[in-house]
Amino acid sequence: MKSEKLTLAIQKSGRLSEGTIELLKLCGIKVSNGGNHLKALAEGFPLEILLLRDDDIPQYVSDGVADIGILGMNEVLEKKKEITVVKNLGFSKCKLSIAIPREIAYTGRNFLEGKRIATSYPVILEDFLKENSINAEIHTISGSVEIAPGIGMADAIFEIVSSGGTLLSNGLKEVEVIMKSEAVLVSNPSLSTEKQKLLNKLLFRIEAVIKAKRNKYILLNAPEEKLDEIMSLIPGMKSPTILPLAQKGWFSLHSVISEDDFWNVIDNLKCAGAEGILVVPIEKMVL
Ligand code: ATP
Ligand code: MG
């Protein structure tokens, strides 16, 4: 019997590729360079990989040509295909914003009434306008949206903004953030039981990688009388590991802390008398 494989659609090249390949690598899956081909081989997991333009991924996944896909949430919302968002992946983060010429005063959302807005995301923009009962003309263009106001084609734009550099160099300013996006794992809503099992296995790996990225392993030295206070600051997964040092009355404490409260915790630990604090990355984390 032919053993079951999952077909994964990923972006062929662009702003999602690096994060996708890196995530797969951390999951123990090596993608061999497909060059210009549509398919790539994966080692380390029963996967077949399709290399596509990100715009095409929702269709491939909803049709079942691919079982799962990795793409930006913005494309999921824009294409409105029948696919299931399985997991936020935490990379390729960006926002979709409305921007207008710098010299024009923005008076709030009512400013957009009757205006021409250029975008390559007409569906998301239309949803936003409807929700806010704004009547505006949507001009769909596929690239270089930022130049539209400068050439008199639009009064505003709705586009992806990351650093804002492109807006600035086109004399625009961001006035509304409509959505935040990041890469997501999506799946066909009706996978076979076999394929769903494989997806769960892959998801288990992805979750271990994502958790590890959000946490750090911390090691520090502390005098015996400070142990209780320090332990309460770094509770760890179950409780911290405590090992006696060669020097009497001193201990080494090992634990896990979240990246988010990293700097607060470090400050508090120092105040509580911790010394020789080491913080190291975690590669995988399984709870
Ligand atoms: P394709 O040729 O595959 O259609 P594209 O030109 O449409 O590529 P990219 O610019 O590579 O797309 O962006 C792919 C996705 O990456 C976007 O849909 C968005 O989710 C995310 N993204 C876009 N711009 C940025 C950015 N500046 N920073 C981070 N993520 C971004
Ligand atoms: Mg695209």
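We number each residue from 1, following the sequence as shown. Heavy atoms only: backbone and side chains are in, while hydrogens, waters and symmetry mates are out. When a ligand or atom number is given, it counts from 1 through the structure's own listing order.
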(message) Taking 2.8 Å as the limit, list every protein N, O or S atom around the Mg ion (ligand 2), by chain and residue number.
(response) Asp54 OD1, Asp55 OD1

(request) For Lys284, look at atom NZ and say whether over 12 heavy atoms of other residues, nucleotides or ligands are found less than 6.0 Å away. (result) yes

(message) I'd like to know whether CD of Glu113 has more than 12 heavy-atom contacts from other residues, nucleotides or ligands below 6.0 angstrom.
(response) yes

(message) Show me, by chain and number, every protein residue that has a heavy-atom distance under 4.0 Å to ligand 1.
(response) Gln11, Gly14, Arg15, Leu16, Arg53, Asp54, Asp55, Gly72, Asn74, Ser92, Lys93, Cys94, Tyr121, Ile160, Ser162

(request) Kindly give the cluster partners of Leu253, where membership spreads through any ILVMFWY side chain lying under 4.5 Å from a current member. (result) Ile218, Leu220, Leu227, Ile230, Met231, Leu233, Ile234, Ile242, Phe251, Ile257, Phe262, Trp263, Val265, Ile266, Leu269, Ile277, Val279

(message) Just by distance, no angles: are the side chains of Ser97 and Glu176 close enough, under 3.5 Å, to form a donor-acceptor pair?
(response) no

(request) Kindly state each residue pair satisfying ring pair (Phe, Tyr, Trp, His ring centres under 6.0 Å) with at least one member in residues 57-79, sequence neighbours excluded. (result) none

Could [X] and [Y] be called an ion pair, given the rule that one side-chain N must be under 4.0 Å from one carboxylate O?
| X | Y | answer |
| --- | --- | --- |
| Glu137 | Lys115 | no |
| Lys79 | Asp54 | no |
| Lys130 | Glu126 | yes |

(message) Exactly one of Lys216, Lys213, Arg214 should register a side chain to side chain donor-acceptor pair (under 3.5 Å) with Glu259. Which one does?
(response) Lys216

